[in-house]
Participant: 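Handing you a structure now.
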Amino acid sequence: MNGLSAHDISRLLLAIALLLALAHVLGELARRFRQPAIIGELAAGIVLGPTVFGRLWPAGMAALFPSTGPVAVSLQALTTLAITLFLMVAGMEVDLSTIWRRKKAALWVATGGMLVPFVCGFVLAWRHREFLGASADAPRFVFALFVATALAISALPVVAKILMDLQLFRSDVGMTIIAAAVLADLVGWLVFAFILALLEQRSGAGLGVGQTVAVTLAFVLLMLTAGRLLVDRTLPWIQAHTTWPSGVLGLALATGILCAAFTEWIGVHAIFGAFLWGVALGDSRHLRARTRTVIEQFTSFIFAPLFFAAVGLRLDLLAYFDPAMVLVLLSLGIAAKVIGGGLAAKAAGFATRESVAIGCGLSARGAMEIILGVLALEAGVIGERLFVALVLLAIVSSMTSGSLMQWVLGRPRVIHFAAYLSAKTFTASLQANDRRGALAELAALAAAAGGLDANAILDAAWSREQLVSSGLGGGVALPQVRLERLRQPIVALGISREGLDFDAPDGRPARLIILLLTPSDQTPLQLGLLSSIARTFRDPQLVERASECTNWTQFLALLRTSGALEPVAQA
């Protein structure tokens with residue numbers, strides 16, 4: 001019986017253990033410097049790969065990470081499973097309702113943010129094929145189409161993480177960036193599916209290109225229509241009759257892998273099927289935030305580090321680093337995104353600063369760029385030099401996107417949310433037993449304090465709540481509204497004794513509900529207030545003590561004695 005010997009199994013397990021351990025250590029180190037964990041995970045592979053370990057001890061690297069043989073095949077199988085599950089989770093981040101609710105702005109920004117870099121990338125690859133080191137076997141059109149797609153796509157998970165770190169995820173700017181990135185991902189993967197179909201036809205494998213494209217489009221339509229409805233109707237039954245979270249987790253993984261097998265069979269790639277299944281699953285209203293978090297953690301803590309560390313193993317930065325190519329791709333890739341997305345956002349009605357910030361937010365490529373590069377390298381479309389340049393573009397754009405957004409949006413004055421909270425907008429006893437009722441009570445308080453229309457505030461807050469839940473976790477919810485004619489911010493805070501379900505990621509009910517009203521033209525001020533609230537209530541003990549306050553005086557005294565009233569400036 002052919003298979004792995006005991007020696008092969010030992011080497012395989014040792015290789016996986018080293019990759020995972022170093023990926024987690026360097027990933028945590030990257031987070032300490034407020035960078036995406038993917039940067040540390042890639043660094044782990046670079047350290048263990050030909051760039052460092054391979055030069056210090058070539059025989060040791062060849063023994064631990066062989067390029068051929070059963071160990072190499074097994075490791076490749078694991079990384080294929082890892083990338084498939086990672087793309088399923090990335091698909092779960094795609095909120096189709098976000099696109100629909102912000103359809104005009106999202107369509108403008110997504111079109112501009114994709115079209116400009118796509119055209120720039122296509123022209124560059126078509127006219128300067130040799131400079132980019134195109135594979136000799138790669139057709140000119142396919143190569144140009146790939147480079148264009150690689151420059152046009154955004155990394156939705158990285159973009160979402162950056163916006164969360166900046167406390168911009170639930171802002172108008174943040175939701176527009178997310179919606180545009182969702183569209184960019186969907187279109188980008190469709191184009192890449194077409195590229196893979198062309199390659200399959202050229203190699204004589206799989207269906208013809210016309211058949212592949214037709215079946216792929218039919219599968220996309222099926223998953224985004226009937227598939228979504230089927231998932232939405234099946235989830236309640238799964239949750240009612242199976243043990244949580246194993247029932248939903250089993251459904252997610254099994255069906256995701258099945259969809260991946262189907263798209264691999266038709267000649268696209270396994271990750272495309274997993275991505276579409278993730279979109280259908282994540283769009284269901286019955287998928288709780290806590291369940292979503294469990295699925296994401298299961299994948300992100302085990303499979304994603306393994307995959308990105310394995311990518312680092314393939315990078316030989318010393319042998320294939322081309323300074324000129326890296327500089328051109330970095331400059332063109334970031335500038336084209338900022339210009340295209342910024343001009344489109346301006347046309348959609350955003351202010352100049354916000355428009356440029358949107359363009360900067362879309363410039364982060366991250367994991368999606370690397371995944372495209374890996375697949376193109378394996379398919380023989382690109383060479384090692386371009387692969388290294390694309391990985392560096394993904395890393396640098398992910399590291400600089402958030403900083404550029406902060407710089408463009410400016411530095412607000414030193415503020416604290418309590419400066420806009422008063423006894424008139426505070427209640428220690430919310431009577432509501434659901435989200436909408438709590439929002440109605442807080443909207444009434446804010447309206448009375450600011451001479452506003454309570455119904456208008458409630459409608460805006462509830463509309464945003466349906467778009468994205470305001471549960472932060474830790475017993476805190478932060479609904480927010482931006483009003484055009486508002487002169488200064490208003491903060492209304494209510495305490496719920498029993499706690500209300502605001503669909504928080506940790507599943508905990510919210511006992512502190514903070515309604516934030518800000519002027520629509522003061523994004524830096526809104527950013528500062530969001531940061532102030534997040535910093536104040538990041539301590540679980542403070543949240544617990546605040547939830548027990550019975551009046552405004554006790555609450556204010558708690559903030560003062562705990563040091564939470566120290567104002568902060570958000571960079």
Side-chain angles (χ1 to χ4, degrees), residues 163-174 406 409-428 430 438-439 441-450 452 457 460-461 464-465 470-483 486-496 502 504 510-549 551-571:
L163 293 173
M164 289 177 185
D165 288 343
L166 296 179
Q167 302 295 327
L168 274 175
F169 188 83
R170 290 175 171 84
S171 68
D172 288 343
V173 169
Q406 285 182 309
L409 289 174
R411 186 185 299 271
R413 64 183 183 274
V414 176
I415 55 175
H416 193 282
F417 81 93
Y420 302 98
L421 177 66
S422 68
K424 294 181 179 179
T425 58
F426 175 88
T427 176
L430 285 172
L439 291 176
E441 289 185 52
L442 294 176
L445 292 176
L452 303 171
I457 297 174
R464 181 176 287 275
E465 188 68 30
S470 57
L472 300 182
V476 180
L478 181 55
Q480 54 185 287
V481 175
R482 299 187 74 182
L483 301 175
L486 190 64
R487 293 184 178 181
Q488 67 175 13
I490 298 176
V491 178
L493 189 150
I495 299 174
S496 172
F502 272 79
R511 297 184 65 189
L512 293 184
I513 298 93
I514 307 165
L515 175 61
L516 175 62
L517 276 61
T518 53
S520 59
D521 59 349
Q522 295 189 33
T523 298
L525 179 58
Q526 181 201 30
L527 176 58
L529 289 171
L530 289 171
S531 177
S532 171
I533 294 170
R535 288 170 63 94
T536 300
F537 295 111
R538 64 185 176 184
D539 182 0
Q541 292 184 352
L542 181 62
V543 174
E544 184 66 26
R545 292 168 62 192
S547 302
E548 296 172 354
C549 293
N551 55 56
W552 165 246
T553 302
Q554 288 184 10
F555 183 81
L556 186 59
L558 174 64
L559 293 184
R560 290 190 183 281
T561 56
S562 65
L565 275 184
E566 295 180 5
V568 294
Q570 175 70 23

Participant: Which heavy atom of I490 sits nearest a heavy atom of G450, and at what distance?
Facilitator: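 Answer, listing the atom of I490 first, then G450: CD1-CA, 3.8 Å.
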Participant: L530 versus L478: any side-chain heavy-atom pair under 4.5 Å?
Facilitator: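 Contact flag for L530/L478 side chains = yes.
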Participant: Would you indicate whether the side-chain heavy atoms of I513 and L493 approach each other to under 4.5 Å?
Facilitator: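 Heavy-atom side-chain distance check fails, nothing below 4.5 Å.
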Participant: For E548, which residues count as a side-chain contact (heavy atoms from CB on, under 4.5 Å) partner, sequence neighbours excluded?
Facilitator: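 E544.
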Participant: Within the 4.5 Å heavy-atom criterion, are L515 and V491 side-chain neighbours or not?
Facilitator: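 No - every pair of side-chain heavy atoms lies 4.5 Å or more apart.
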Participant: With F537, which residues qualify under ring-ring contact (aromatic ring centres under 6.0 Å, His included), at least two apart?
Facilitator: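 With sequence neighbours excluded, F537 shows a ring-ring contact (aromatic ring centres under 6.0 Å, His included) to F417, given in chain and number order.
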Participant: Check whether any side-chain heavy atom of P519 sits under 4.5 Å from a side-chain heavy atom of L483, and report yes or no.
Facilitator: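 Side chain of P519 against side chain of L483, heavy atoms only: no contact under 4.5 Å found.
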Participant: List for me each residue that meets side-chain contact (heavy atoms from CB on, under 4.5 Å) alongside E465, sequence neighbours excluded, and say none if there are none.
Facilitator: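 R435, L439, W462, S469, S470, P479, F502.
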Participant: So, for L542 and T536, which heavy atoms are closest and what is the spacing to 0.1 Å?
Facilitator: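 Taking every non-hydrogen atom into account, CD2-O, 3.0 Å.
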Participant: Rounded at 0.5 Å granularity, tell me how far CZ in F426 sits from SG in C549.
Facilitator: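 It is 6.0 Å, given to the nearest 0.5 Å.
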Participant: If you look at every heavy atom in A443 and I457, which pair is closest and at what distance?
Facilitator: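 So the minimum-distance heavy-atom pair works out to CB-CG2, 3.7 Å.
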Participant: Quick one: does L421's side chain get under 4.5 Å of F555's, heavy atoms only?
Facilitator: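 The answer is yes; the side chains approach within 4.5 Å.
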Participant: To the nearest 0.5 Å, tell me how far D539 CG sits from R545 CZ.
Facilitator: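 The CZ atom of R545 is 8.5 Å from CG of D539, to the nearest 0.5 Å.
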Participant: For A446 versus T425, what's the shortest heavy-atom pair and its separation?
Facilitator: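 In this case the closest contact between A446 and T425 is CA-CG2, 4.4 Å.
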Participant: Contact between L516 and T518 at the side-chain level, heavy atoms closer than 4.5 Å - yes or no?
Facilitator: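 Touching, per the 4.5 Å side-chain cut-off.
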Participant: What are the two closest heavy atoms between V543 and G475, and how far apart are they?
Facilitator: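 Heavy atoms only, the tightest pair is CG1-O, 4.2 Å.
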Participant: Roughly how far, to the nearest 0.5 Å, is CG of L517 from CG of L442?
Facilitator: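 Those atoms lie 10.0 Å apart.
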Participant: Kindly give the heavy-atom pair with the smallest separation between I495 and S547, and that separation in Å.
Facilitator: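 Shortest heavy-atom separation between I495 and S547 comes out as CG2-O, 3.3 Å.
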